2 protein chains.
Amino acid sequence: MSTNPLLKGTLHTIILKLLEGNNRMYGYEITQKVKEASEGGIMLTEGALYPALHKLQAEGLLKATVEIVDGRARKYYQLTGHGGKEATDKINEAQAFIDQLQNILNIKPAVK
Amino acid sequence: MSTNPLLKGTLHTIILKLLEGNNRMYGYEITQKVKEASEGGIMLTEGALYPALHKLQAEGLLKATVEIVDGRARKYYQLTGHGGKEATDKINEAQAFIDQLQNILNIKPAVK
DNA sequence: ATTATATATATAATAAACTTAGGTATATAA
DNA sequence: TTATATACCTAAGTTTATTATATATATAAT
């Protein structure tokens, strides 16, 4: 799988956005949704995802409940009240950053 | 100044893009251009910028020449041949990533 | 039966890329 | 003479990722 240095810093925002739209999700489900929505372009690694989920939970933005489904344990995450506000803020920040980055990347080369 | 974790990974691409459009630039000039193009939203820190320039030079993507202007030393950077090709690739990758991220961040919340 | 793949979570070692803080130095405006 | 702008640089520490490994069940293929 390709390394993706551009992904740095956006993982928390992606998680919060998905949980804003889906009420509750589990880790593996998040990896699949991201893969699907990015048409395979963004593949979350477990080593990045699970620590990120744990951190967001430790910060009080997410709460988790474990359920057994088809004989396997699933850990569902959902936004807390505080997490919901943070989600809105982080998504707005990310959008602003993307817009600014577009402004830079779209600067037309000077005609020689 | 606000910390901007989203910036991670995009700095090299920003530098290459600016040099693709401007033939040659010096470090301080790059910080000002980025600040201007992002309307103050993206402020490069020297601690990130200068090591990045040195790394790109060490990789053979940039070459540098020092000039004294108004009594102060300026280090001008420009793309090498190889750097030009890398610039094109990195910018395309960044654009693809931004598009994929947009797809994720634009996913509409499910109607409850 | 057994092997491979998909589902599902987790952590440790390592590496990359940043922030923060400090240092050096000149020109100019207050 | 003090502050601000210009101009470069590096070191220490932090954050955030990759890579590798571990555990475990369900299901499809051989």
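A, B, ... follow the sequence lines: proteins, then strands. Residue 1 opens every chain. In what follows, every heavy atom counts, from backbone to side chain, and hydrogens, waters and symmetry copies are set aside. Just so it is clear, the structure is predicted and the values come from calculations on it, not from any experiment.
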Could you point out which residue of Leu11(B), Ile15(B), Ile14(B) forms a side chain to side chain contact (heavy atoms under 4.5 Å, CB included) with Val34(B)?
-> Ile14(B)
Given atom CD1 of Ile68(A) and atom C1' of dA26(D), what is their separation to the nearest angstrom?
-> 14 Å
Distance below 4.0 Å between Tyr50(A) side-chain N/O and dA10(C) OP1 or OP2 | no
In whole angstrom, what separates Lys75(B)'s NZ from dT24(C)'s P?
-> 19 Å
Heavy atoms under 4.0 Å, any strand shown: does Gly27(B) hit a base, just sugar-phosphate, or nothing?
-> sugar-phosphate
Among dA7(D), dT18(D), dT25(D), which is the nearest nucleotide to the side chain of Ala48(A)?
-> dT18(D)
Scan Gly71(B) against the nucleic acid and name what it touches under 4.0 Å (heavy atoms): base, sugar-phosphate only, or nothing.
-> sugar-phosphate
Take atom CD of Glu36(A) and atom P of dA6(C), then tell me their distance rounded to the nearest Å.
-> 16 Å
Do any N or O atoms from the side chain of Lys17(A) and from the backbone of Leu105(B) form a donor-acceptor pair under 3.5 angstrom?
-> yes
Rounded to the nearest angstrom, tell me the gap between atom NZ in Lys33(A) and atom P in dT7(C).
-> 14 Å
Tyr28(B) vs dA5(D): side-chain N/O to OP1/OP2 distance below 4.0 Å = no
Reckon Lys55(A) has a side-chain N or O less than 4.0 Å from the OP1 or OP2 of dT16(D)?
-> yes
Do the charged groups of Lys90(B) and Glu93(B) touch, with an N to O distance under 4.0 Å?
-> no
Comparing Leu49(B) with Leu53(A), nearest DNA chain C nucleotide closer to 5' gives the residue Leu53(A)
Base partner of dT3(C), which must satisfy Watson-Crick or wobble distances under 3.5 Å | dA28(D)
Leu44(B) CG to dC18(C) C1': how many Å, rounded?
-> 12 Å
Answer yes or no: does a side-chain N or O of His54(A) lie under 4.0 Å from OP1 or OP2 of dT11(C)?
-> yes
Which residue lies toward the 5' end of DNA chain D, Tyr76(B) or Pro51(A), if each is placed at its nearest nucleotide?
-> Tyr76(B)
Could you state the atom-to-atom distance from CD of Glu46(A) to C1' of dT23(D) in whole Å?
-> 13 Å
Taking NZ, NE, NH1 and NH2 as the nitrogens, is one of them in Lys75(A) or Glu29(A) under 4.0 Å from a carboxylate oxygen of the other?
-> no
DNA chain D: 5'-proximal contact among Leu11(A) and Tyr77(B) (nearest heavy atom) = Tyr77(B)
When rounded to whole Å, the CD1 to P distance for the pair Ile15(A) and dT16(D) reads 11 Å
Rounded to whole Å, NZ of Lys90(A) lies from C1' of dT16(D) at a distance of 13 Å
How close do Leu79(A) and Gly84(A) get, heavy atom to heavy atom, and via which atoms?
-> CD1-CA, 4.0 Å
Partner nucleotide of dA30(C) by Watson-Crick or wobble geometry (both distances under 3.5 Å) | dT1(D)
Please determine if a side-chain N or O atom of Arg74(B) lies less than 4.0 Å away from the OP1 or OP2 oxygen of dA7(D).
-> yes
Options dT6(D), dT19(C), dA8(C), nucleotide nearest the side-chain atoms of Tyr26(A) = dA8(C)
Take Met25(B) and Tyr77(B) through the test side-chain contact (heavy atoms from CB on, under 4.5 Å) and record every step on the way to the result.
-> CA-CA 5 Å; Met25(B) 296 181 82; Tyr77(B) 290 92; over 6 Å; no
